[in-house]
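Taking it in order: structure first as structure tokens, then the write-up.
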Amino acid sequence: MKITKEAQAQARRLMRLCIGPDGLLNEDTVRRVAATLLADKPRNYLAILSALTEMVRLEVARHTATITSAIPLTADEQSAIKAKLDARTPGLSYQWQTDASLIGGITVKVGDNVTDASIKTRIEQLSRISG
């Protein structure tokens, strides 16, 4: 669906309403805004709702940390990682995953930022240098 500049601008205004004073997305406000849009059906409401949905998805991703490790992390290791990430970006939610193909180390993804400290990536980098 083609989203006009006007619909994008309206979605941005609605998105600003959904961000609380703490700078975090307020889920209840998002639900009320979406329900009001669906009930009132202003012009281009589907395009506005589509643009708003994408903005909410990106905002949620920006505040979600996905930590992938080769083996399950202990509670102490998870706490240490949380403390370091919360110091940089408060209000994160966490997802913990394991991927044996990493061999060792971890990867941390917060929004679009990825920090890769896995052995698999280091081996790949070395093979490109020597290859």
Side-chain angles (χ1 to χ4, degrees):
M1 163 187 313
K2 177 91 171 151
I3 300 176
T4 64
K5 288 181 181 180
E6 180 183 318
Q8 277 285 358
Q10 184 66 22
R12 277 193 299 277
R13 284 191 290 274
L14 292 172
M15 184 65 183
R16 282 193 292 272
L17 292 174
C18 297
I19 303 293
D22 56 358
L24 300 175
L25 189 65
N26 186 322
E27 292 179 27
D28 291 333
T29 306
V30 171
R31 286 187 194 96
R32 280 186 274 147
V33 165
T36 302
L37 267 175
L38 291 172
D40 294 350
K41 296 184 179 165
R43 184 188 331 150
N44 294 330
Y45 78 98
L46 288 176
I48 295 168
L49 191 58
S50 176
L52 180 63
T53 301
E54 180 63 11
M55 289 177 196
V56 168
R57 184 190 69 75
L58 291 171
E59 186 67 18
V60 168
R62 200 168 67 95
H63 291 284
T64 301
T66 303
I67 295 92
T68 307
S69 59
I71 59 172
L73 299 173
T74 65
D76 289 340
E77 291 169 331
Q78 288 182 2
S79 295
I81 292 169
K82 281 183 182 181
K84 286 183 181 182
L85 290 175
D86 283 339
R88 280 194 286 165
T89 311
L92 289 175
S93 62
Y94 293 91
Q95 296 178 348
W96 304 93
Q97 301 175 344
T98 58
D99 181 1
S101 73
L102 294 180
I103 304 169
I106 64 171
T107 62
V108 178
K109 180 179 180 195
V110 179
D112 290 340
N113 298 325
V114 177
T115 302
D116 191 340
S118 67
I119 293 175
K120 176 184 176 182
T121 300
R122 301 267 170 103
I123 291 171
E124 289 172 357
Q125 291 171 343
L126 288 172
S127 69
R128 277 186 251 137
I129 292 171
S130 62

For Ser93, check side-chain contact (heavy atoms from CB on, under 4.5 Å) against everything at least two apart and list the hits. Thr64
Could you grab the distance from atom CG of Asp116 to atom CD of Gln125, nearest 0.5 Å is fine? 7.5 Å
Minimum-distance pair of heavy atoms, taken over all atoms of Ala47 and Ile3: O-CD1, 3.9 Å
Cluster check Leu58, Leu92: I/L/V/M/F/W/Y, side chain < 4.5 angstrom: no
side-chain contact (heavy atoms from CB on, under 4.5 Å) with Ala34: which residues, sequence neighbours excluded? Leu49
Show every donor-acceptor pair shorter than 3.5 Å between a side-chain atom in residues 12-19 and any protein atom, with sequence neighbours excluded, or say none if there are none.
| residue | atom | partner | partner atom | Å |
| --- | --- | --- | --- | --- |
| Arg13 | NE | Gln10 | OE1 | 3.4 |
| Arg13 | NH2 | Gln10 | OE1 | 2.7 |

Side chain to side chain contact (heavy atoms under 4.5 Å, CB included) between His63 and Leu24, worked out: CA-CA 8 Å; His63 291 284; Leu24 300 175; 3.7 Å; yes
Please report, to 0.1 Å, the donor-acceptor pairs under 3.5 Å made by any side chain of residues 65-73, with sequence neighbours excluded.
| residue | atom | partner | partner atom | Å |
| --- | --- | --- | --- | --- |
| Thr66 | OG1 | Gln95 | OE1 | 3.3 |
| Thr68 | OG1 | Gln97 | OE1 | 3.2 |
| Ser69 | OG | Ile71 | O | 2.5 |

Please list, chain by chain and in numerical order, all residues satisfying side chain to side chain donor-acceptor pair (under 3.5 Å) with Glu77, sequence neighbours excluded. Thr74
What's the separation between atom CD in Gln8 and atom OG in Ser50, rounded to the nearest 0.5 Å? 8.5 Å
Salt bridge (Lys or Arg N to Asp or Glu O under 4.0 Å) partners for Arg62, two or more places apart: Glu59
Is it true that a side-chain atom of Asn26 and a backbone atom of Thr29 form a donor plus acceptor pair closer than 3.5 Å? yes
Quick one: do Met55 and Leu38 end up in the same hydrophobic cluster if we chain Ile, Leu, Val, Met, Phe, Trp and Tyr together by side-chain heavy atoms under 4.5 Å apart? yes
Residues forming a salt bridge (Lys or Arg N to Asp or Glu O under 4.0 Å) with Asp22, sequence neighbours excluded: none
Applying side-chain contact (heavy atoms from CB on, under 4.5 Å), can you list everything that pairs with Pro42, at least two apart in sequence or on another chain? Leu37, Asp40, Tyr45
In short, side chain to side chain donor-acceptor pair (under 3.5 Å) pairs touching residues 80-90 with sequence neighbours left out are Asp86-Tyr94
Partner residues of Glu27 under the salt bridge (Lys or Arg N to Asp or Glu O under 4.0 Å) criterion, sequence neighbours left out: Arg31
Taking distance alone, no hydrogens or angles, what donor-acceptor pairs closer than 3.5 Å link side-chain atoms of residues 100-113 to residues at least two apart or in another chain?
| residue | atom | partner | partner atom | Å |
| --- | --- | --- | --- | --- |
| Ser101 | OG | Asp99 | OD1 | 2.8 |
| Ser101 | OG | Asp99 | OD2 | 3.1 |

Same cluster or not: are Leu85 and Leu25 linked, directly or through other Ile, Leu, Val, Met, Phe, Trp or Tyr residues, by side-chain heavy atoms under 4.5 angstrom apart? no
Any residue meeting salt bridge (Lys or Arg N to Asp or Glu O under 4.0 Å) with Glu54, in chain and number order, not counting sequence neighbours: Arg57
